[in-house]
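Following: one structure in structure tokens, then a few remarks.
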Amino acid sequence: MSSFTVPIGPQHPALPEPILLKLEVEGEYVVGVDVDVSYMHRGIEKAMEYRNYIQNIYLAERICGICNVAHTICYTLNVDKLYDKEIPPRAQYLRVIIEELNRIHSHLLWLGVAGHEIGFDTLFMYVWRDRERVMDLIETITGNRVNTAYTTIGGVRRDITSDIEYKIRKTMDIVEERTKYYKSVAAAEPTILTRTKEVGILKTIDAVKLCAVGPLLRASNVKNDVRADAPYAAHDEVPFNVITYPYCDVFSRVLVRVDEIFECINMIRYCLDHLPKGPIRIKLPLKPPKGEAITRVEAPRGELLHYVVSDGSEKPYRYKVRTPTLANIPALCRMLTSSGDYVVKIADIPIAYASIDPCLCCTGRVQFLDIEKDKKWTWSWEELKEYSKKEWKKS
Amino acid sequence: MSDEDFLNKLKEAFKEKIIESSIPRKNIINIVVPKESYKEVIKFIVENFNIPHIQTITGIDMSNEIQIIAHLGRSTTINVKTSIDKNNPEIDTITDIIPGASFYEREVYDLLGVNFRGHPNLKRVVLPENWPKGVYPLRKEYKPEHPKPLRGV
């Protein structure tokens with residue numbers, strides 16, 4: 001049978017992200033795939049070279065909206081390393097709490113999207129309602145729902161009061177109960193089982209060879225998690241299990257993510273129980289010493305890497321970001337290609353693609369645009385600098 | 001195996017081919033090699049220490065040369081660094097050893113203009129199709145235009 005090419009994307013109702021999949025199809029079967037991820041490239045690495053370390057916190061955060069906390073944590077841990085100073089333990093615990101809250105919200109969001117992709121919109125509505133509770137909690141702790149800028153160089157910006165602690169515990173109880181229900185639905189509902197079992201298979205050997213990361217790798221039965229392998233923040237003190245499932249398909253990825261939510265909840269509880277006392281931030285000079293640093297964190301989508309080279313000035317000489325979605329794209333190509341007994345149908349594309357939890361904002365990275373300012377309120381750069389210096393000395 | 005043991009074994013195998021090495025922090029190992037033995041060293045690490053994972057490949061413009069860093073490993077990060085000539089940036093591909101490196105090499109090719117010899121599918125990955133040839137945004141001589149504020153929209 002002769003094959004022909006079907007382009008899907010970059011704007012397509014079934015794909016939540018701007019990606020172009022050029023599918024080589026023979027009848028109903030996909031035999032080859034080529035991926036174009038360039039639609040979101042915003043030149044963030046270059047933009048970071050033109051801004052100082054404080055400004056870059058906010059730029060790093062805007063690499064991605066969903067896993068923004070993972071990016072700020074990775075960025076601040078990375079820059080902290082340049083100074084080689086001890087960060088207060090309380091700040092490290094607070095970083096773990098906010099990171100795990102971010103992971104819960106991201107996994108719930110994904111579960112909703114996965115339900116939507118297979119036409120199970122009730123699940124989508126239910127899950128997103130409970131995700132709102134977590135978003136409200138993030139707002140209570142940090143002051144904002146999405147771009148929170150909670151962690152900063154040398155610690156975190158806000159402390160947790162006993163009121164907030166009570167709220168966190170209460171919300172965690174509700175989320176835990178709801179997630180148990182979703183797990184029972186996901187493991188038994190025929191709609192989910194028929195659409196996810198033995199779809200989008202990624203064998204263990206392929207996952208390792210193609211350097212997949214995160215839940216995708218763990219769903220292919222590889223015990224790997226940056227939090228366990230190379231602990232950062234307070235992860236060496238907080239106990240947790242690395243979840244793996246052996247089925248290597250989309251169903252396996254659903255189970256990994258749902259089970260991870262329980263682990264997150266337990267980690268947050270442990271952190272609240274064992275929260276050390278003390279300061280939440282130390283003051284560090286604006287210019288870090290010369291040197292380089294590399295940091296990896298476990299973002300909701302997998303291993304996230306930041307690498308910085310400092311030349312002793314107030315701006316980084318080179319900043320490199322490698323996001324989990326880019327690492328998972330070779331694995332995605334393998335997953336979407338029929339080989340031997342394994343066949344991929346066109347109808348399986350959306351859920352198989354969504355199962356890597358793609359985030360192309362991350363993969364392409366950023367440059368930002370100044371929007372119209374009201375002249376009455378415009379500050380010159382010098383004025384802003386003066387103001388920030390004054391505030392800096394006060395703190 | 002501890003980081004020190006790992007480094008000693010590597011030094012034993014390659015001797016003077018390892019120009020410089022250090023362990024700046026726990027779980028980080030830096031190795032500087034000449035570009036001729038870059039591929040050889042990576043192959044040795046992947047096969048003898050069973051580390052099939054590449055974290056990423058970074059390219060840095062060091063004004064007269066381009067530094068290529070391959071970050072390998074799952075728990076310990078092994079940074080294999082090498083420098084190549086900026087006027088003729090060429091280096092062997094490692095995609096035949098680690099298939100997962102394909103997209104990282106394409107990214108470095110796209111943004112810094114480094115030619116990876118033997119890469120099966122070396123083409124653009126992040127820049128748009130109509131981006132001018134020979135302009136590499138991550139090189140230091142490239143200065144981005146400051147975007148003009150949008151008015152009257």
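Chain A is the first sequence line, chain B the second, and so forth, proteins listed ahead of strands; every chain is numbered from 1. On a predicted model such as this, the values are computed, not experimentally measured, just so you know.
- A cation-pi arrangement is not found for B:Arg106 relative to B:Tyr109, the charged atom failing to lie both closer than 6.0 Å to the ring centre and inside a 45° cone about the ring normal.
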Step by step, would you call B:Lys140 with A:Glu49 a salt bridge (charged side-chain N to carboxylate O under 4.0 Å, His left out)? CA-CA 10 Å; B:Lys140 290 290 172 189; A:Glu49 291 172 12; 3.1 Å; yes

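- For B:Asp3 (side chain) and B:Asn27 (main-chain N/O), a donor-acceptor pair under 3.5 Å exists by modelled atom type.
- Heavy-atom distances place the side chain of B:Asn79, and not its backbone, under 4.5 Å from chain A.
- The part of B:Pro137 that comes within reach of chain A is its backbone (N, CA, C, O), which places non-hydrogen atoms under 4.5 angstrom from that chain.
- A:Phe240 and A:His235 have perpendicular rings, their planes meeting at more than 60° on a 0 to 90° scale where under 30° would count as parallel.
- Heavy-atom contacts from other residues, nucleotides or ligands closer than 6.0 Å to CD of B:Glu129 number 12 or fewer.
- Contact residues of residues 213-221 of chain A toward chain B are A:Val213, A:Leu217 (heavy-atom distance under 4.5 Å).
- Per-residue counts of heavy-atom pairs under 4.5 Å with chain B were compared for A:Leu210, A:Asp36, A:Val226; the largest is that of A:Leu210.
- Heavy atoms closer than 4.5 Å to chain A are found in both the backbone and the side chain of B:Lys143.
- Ranked by heavy-atom pairs shorter than 4.5 Å toward chain B, the options A:Gly291, A:Ala331, A:Ala327 are led by A:Ala327.
- Between B:Trp131 and B:Tyr142, the ring planes lie tilted relative to each other; the angle falls in the 30° to 60° range.
- Only the side chain of A:Leu305 comes within contact range of chain B, with heavy atoms under 4.5 Å apart.
- Only the side chain of A:Asp34 comes within less than 4.5 Å of a heavy atom of chain B; its backbone N, CA, C and O stay farther away.
- The main-chain N or O of B:Ile94 is found under 3.5 Å from a side-chain atom of B:Glu105 such that the two form a donor-acceptor pair.
- Chosen from B:Leu111, B:Asn121, B:Asp110, B:Thr56, the residue pairing most often with chain A at heavy-atom distances under 4.5 Å is B:Thr56.
- The closest side-chain donor-acceptor pair between B:Asn30 and A:Glu292 falls under 3.5 angstrom.
- Contact of B:Leu138 with chain A is made through backbone and side chain together, with heavy-atom distances under 4.5 Å.
- The greatest number of non-hydrogen atom pairs below 4.5 Å with chain A, out of B:His71, B:Gln55, B:His53, B:Lys26, is found for B:Gln55.
- At a 4.5 Å heavy-atom cutoff, A:Tyr39 makes no contact with chain B through either its backbone or its side chain.
- Only the backbone of B:Ile57 has a heavy atom closer than 4.5 Å to any heavy atom of chain A.
- Considering every non-hydrogen atom in both A:Tyr53 and A:Ser313, the closest pair reads CE1-O, 3.7 Å.
- Ring planes of A:Tyr75 and A:Tyr319: tilted class, angle from 30 to 60°.
- Aromatic ring pairs are classed by plane angle as parallel below 30°, tilted from 30° to 60° and perpendicular above 60°; the pair B:Phe49 and B:Phe44 is perpendicular.
- If you measure heavy-atom distances from B:Arg124 to chain A, you find no contacts under 4.5 Å at all.
- Distance check: B:Met62 CE to B:Ser83 OG gives 7.0 Å after rounding to the nearest 0.5 Å.
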